[in-house]
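Notes for the one structure printed next.
Values in this document were obtained by computation on a predicted structure and should not be read as measured data. The chains referred to below are lettered A, B, ... by the order of the sequence lines, with proteins before strands, and numbering in each begins at 1. Worth knowing before you read on, the calculation uses all heavy atoms, side chains too, and leaves out hydrogens, waters and symmetry mates.
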Number of protein chains: 2
Amino acid sequence: MPPDSVSRFRRFARAVTTEVGALDQSFLGRGRPLGAARVLNAIGQGTGDVAEIRAYLRLDSGLMSRLLRGLEGEGLIEMQPHPEDARRRIAALTPAGRREFDAYETLSNDRARALLARHPDPEALLAAMDMVATALSPDSVRLSESDPRSPEARYCLGEYYAELARRFDTGFDVSLSRDPEAGDMVRPRGSFLLAQSDGLPLGCVGLKGQGGAVAEVKRLWVSPSARGLGLARRLMAAVESVAQDLGIATLRLDTNSALPEAVALYRRSGWHEIPRFNDDPYPDIFFEKSL
Amino acid sequence: MPPDSVSRFRRFARAVTTEVGALDQSFLGRGRPLGAARVLNAIGQGTGDVAEIRAYLRLDSGLMSRLLRGLEGEGLIEMQPHPEDARRRIAALTPAGRREFDAYETLSNDRARALLARHPDPEALLAAMDMVATALSPDSVRLSESDPRSPEARYCLGEYYAELARRFDTGFDVSLSRDPEAGDMVRPRGSFLLAQSDGLPLGCVGLKGQGGAVAEVKRLWVSPSARGLGLARRLMAAVESVAQDLGIATLRLDTNSALPEAVALYRRSGWHEIPRFNDDPYPDIFFEKSL
DNA sequence: CATGGTATCTGACTTTAGTCAGACACTTCC
DNA sequence: GGAAGTGTCTGACTAAAGTCAGATACCATG
């Protein structure tokens with residue numbers, strides 16, 4: 001059989017099924033059935049809201065109730081009433097529960113580290129995993145406003161600069177570009193938007209304002225593992241809507257013809273070319289859009 | 001939290017766990033417990049040898065026996081004695097079993113197709129999946145002798161030519177190169193080795209002989225998704241051992257300095273450079289090794 | 001404040017998965 | 001040919017997972 005798409009996909013499915021099964025096995029080593037371990041993990045990760053966990057793990061209410069009682073009996077969790085709705089309940093880890101949760105985390109993390117360590121090119125493997133994870137859960141990409149100095153934002157900007165350096169024949173040196181002050185990309189003057197899927201930053205865009213009716217769109221970047229999903233378009237639409245919110249009438253941006261996808265996107269979405277409006281050495285095309 | 005390696009890995013793990021779970025759910029739709037469905041699928045895929053299936057699915061002999069009886073009772077399989085060992089048994093699908101097996105296959109395949117279809121770049125996604133699958137099961141790469149005209153071999157050669165075309169500034173045209181007759185790479189004159197993991201071809205190498213004491217190593221290729229795992233070295237070691245088997249005393253090969261990894265590998269493994277021994281336009285370095 | 005809807009709990013189940021010891025027929029090796 | 005080992009089957013279990021029909025307490029609405 002030649003390796004057609006479907007059988008390649010299914011080889012992948014077999015490999016990950018084995019891996020997932022092996023992780024489950026290792027979870028059993030802590031003397032607790034898998035169902036209880038999963039609930040404990042969900043509580044440690046998230047809100048502890050019983051209904052939410054139940055929806056996430058797709059558990060019957062009866063089963064859920066019993067599993068919670070089991071964990072409570074072990075002294076790992078404590079149940080509290082929901083502050084706004086006395087029918088609901090919130091589970092919280094006790095110190096012992098936190099220790100047990102950490103032990104499960106360690107199992108997962110060690111497995112991850114071991115697998116990455118024995119691979120010749122961990123960064124390439126992670127990039128592949130990012131792409132697969134994004135493809136498997138494409139609906140989960142969420143946009144949010146963020147401080148441009150947050151770790152996630154810094155990560156995106158770092159990737160953005162690295163990509164510019166690769167794309168420009170002359171390389172790219174941040175210090176030569178007019179690096180906007182982070183304060184210009186924070187409300188009320190501007191904003192900074194992040195696209196994230198399950199915690200992983202996949203893209204960003206900045207809105208740099210000076211308090212006037214004109215602002216600049218900067219730092220539009222989408223991770224290679226998430227390209228083609230329309231994320232850039234979503235980011236641009238979101239940043240325009242934030243700009244309107246801030247009372248901005250005109251948006252500008254500069255870009256480079258070495259980034260043809262970006263240029264095409266701007267043209268498609270109502271931007272028109274204008275003459276150079278700064279003396280930054282890197283851009284060679286300039287756009288404007290009235291809101 | 002910045003996206004460190006481990007949390008990227010674990011995002012991937014969450015995404016595939018969800019996907020695996022969803023596929024299991026869809027399998028349940030056929031009114032048969034998962035255990036029985038898995039056994040039926042294993043029988044449809046492979047040999048039907050009970051011991052083999054039991055090892056693959058890690059099932060207790062008692063459980064296995066009951067699951068088989070259940071499938072037999074449904075009229076989906078028939079048990080036959082093993083021709084060489086009367087203790088062992090072989091399971092074979094009945095026509096009804098084949099239909100049921102196909103229904104499960106369709107569920108999996110449709111899922112795969114749907115996911116690939118909604119992705120903007122299916123080939124990139126598949127390459128990522130290949131890399132992940134190979135990383136998750138690195139021990140499973142098996143070398144085997146194959147006909148160079150088999151579909152798997154053709155696939156490898158096609159990838160090999162495409163890669164040469166990318167790597168050479170001048171491009172690469174197979175017809176200009178001295179394309180060996182497939183017959184020269186078949187025993188007794190030569191051989192062709194494939195590296196495969198779970199059915200997916202990951203690499204190849206050819207041994208081209210003319211019946212004399214000198215033969216040529218050709219077409220060494222390793223898939224990008226499996227590089228760095230020492231596969232090229234394994235292929236070269238295997239081809240040398242086949243050559244000894246065939247009574248060949250001296251091996252030669254030609255290559256190009258645009259492929260520095262290959263050149264380094266040859267130097268590391270006991271080959272020494274010799275003068276040009278053909279007038280093929282592409283190679284510019286020539287090696288020899290005595291066995 | 002009555003009504004319908006919601007979140008969780010309880011008890012009484014069934015099904016599935018997994019374990020273990022022993023039986024049996026066969027193979028392998030001395 | 002006998003001893004040790006192997007592959008499968010059987011019966012008797014346990015544990016885990018999942019289902020379902022109330023019960024109970026609470027919320028939202030008119």
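- Between E105(B) and R10(A) there is a salt bridge, with a side-chain nitrogen of the basic residue lying less than 4.0 Å from a carboxylate oxygen of the acidic one.
- Along DNA chain C, the nucleotide nearest R88(A) and the nucleotide nearest R69(A) are compared for position; the residue whose nucleotide lies closer to the 5' end is R88(A).
- The phosphate of dG18(D) has neither OP1 nor OP2 within less than 4.0 Å of any side-chain N or O from R58(A).
- The neighbour count for Y104(B) OH, taken as heavy atoms of other residues, nucleotides or ligands under 6.0 Å away, is above 12.
- In summary, R187(B) and D147(B) do not engage in a salt bridge, as defined by a charged side-chain N under 4.0 Å from a carboxylate O.
- Contact check on R8(A) versus E123(B) returns a salt bridge, with a Lys/Arg side-chain nitrogen under 4.0 Å from an Asp/Glu carboxylate oxygen.
- Protein atom CD of E72(A) is 15 Å distant from nucleotide atom C1' of dT10(C), rounded to whole Å.
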Q | Reading 5' to 3' through nucleotides 17-30 of chain C, protein heavy-atom contacts under 4.0 Å coded B for base, S for sugar-phosphate only, - for none | A | SBBB----BBS---
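- No option in R87(A), R89(A), H82(A), R88(A) other than R87(A) meets the side chain to side chain donor-acceptor pair (under 3.5 Å) test with D85(A).
- In this entry the distance linking CE of M64(B) with P of dG11(D) reads 19 Å, nearest Å.
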Q: Taking Watson-Crick and G-U wobble pairs with both distances under 3.5 Å, convert DNA chain C into its dot-bracket string, 5' to 3', dots for unpaired and | for cross-strand pairs.
A: ||||||||||||||||||||||||||||||
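- Here D110(B) pairs with R113(B) in a salt bridge; the nearest charged N to carboxylate O distance falls below 4.0 Å.
- Between the side chains of S223(B) and S225(B), at least one donor N or O sits under 3.5 Å from an acceptor N or O.
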Q) Could you walk me through whether L202(A) and V141(A) pass the side-chain contact (heavy atoms from CB on, under 4.5 Å) check? A) CA-CA 8 Å; L202(A) 289 177; V141(A) 181; 4.0 Å; yes
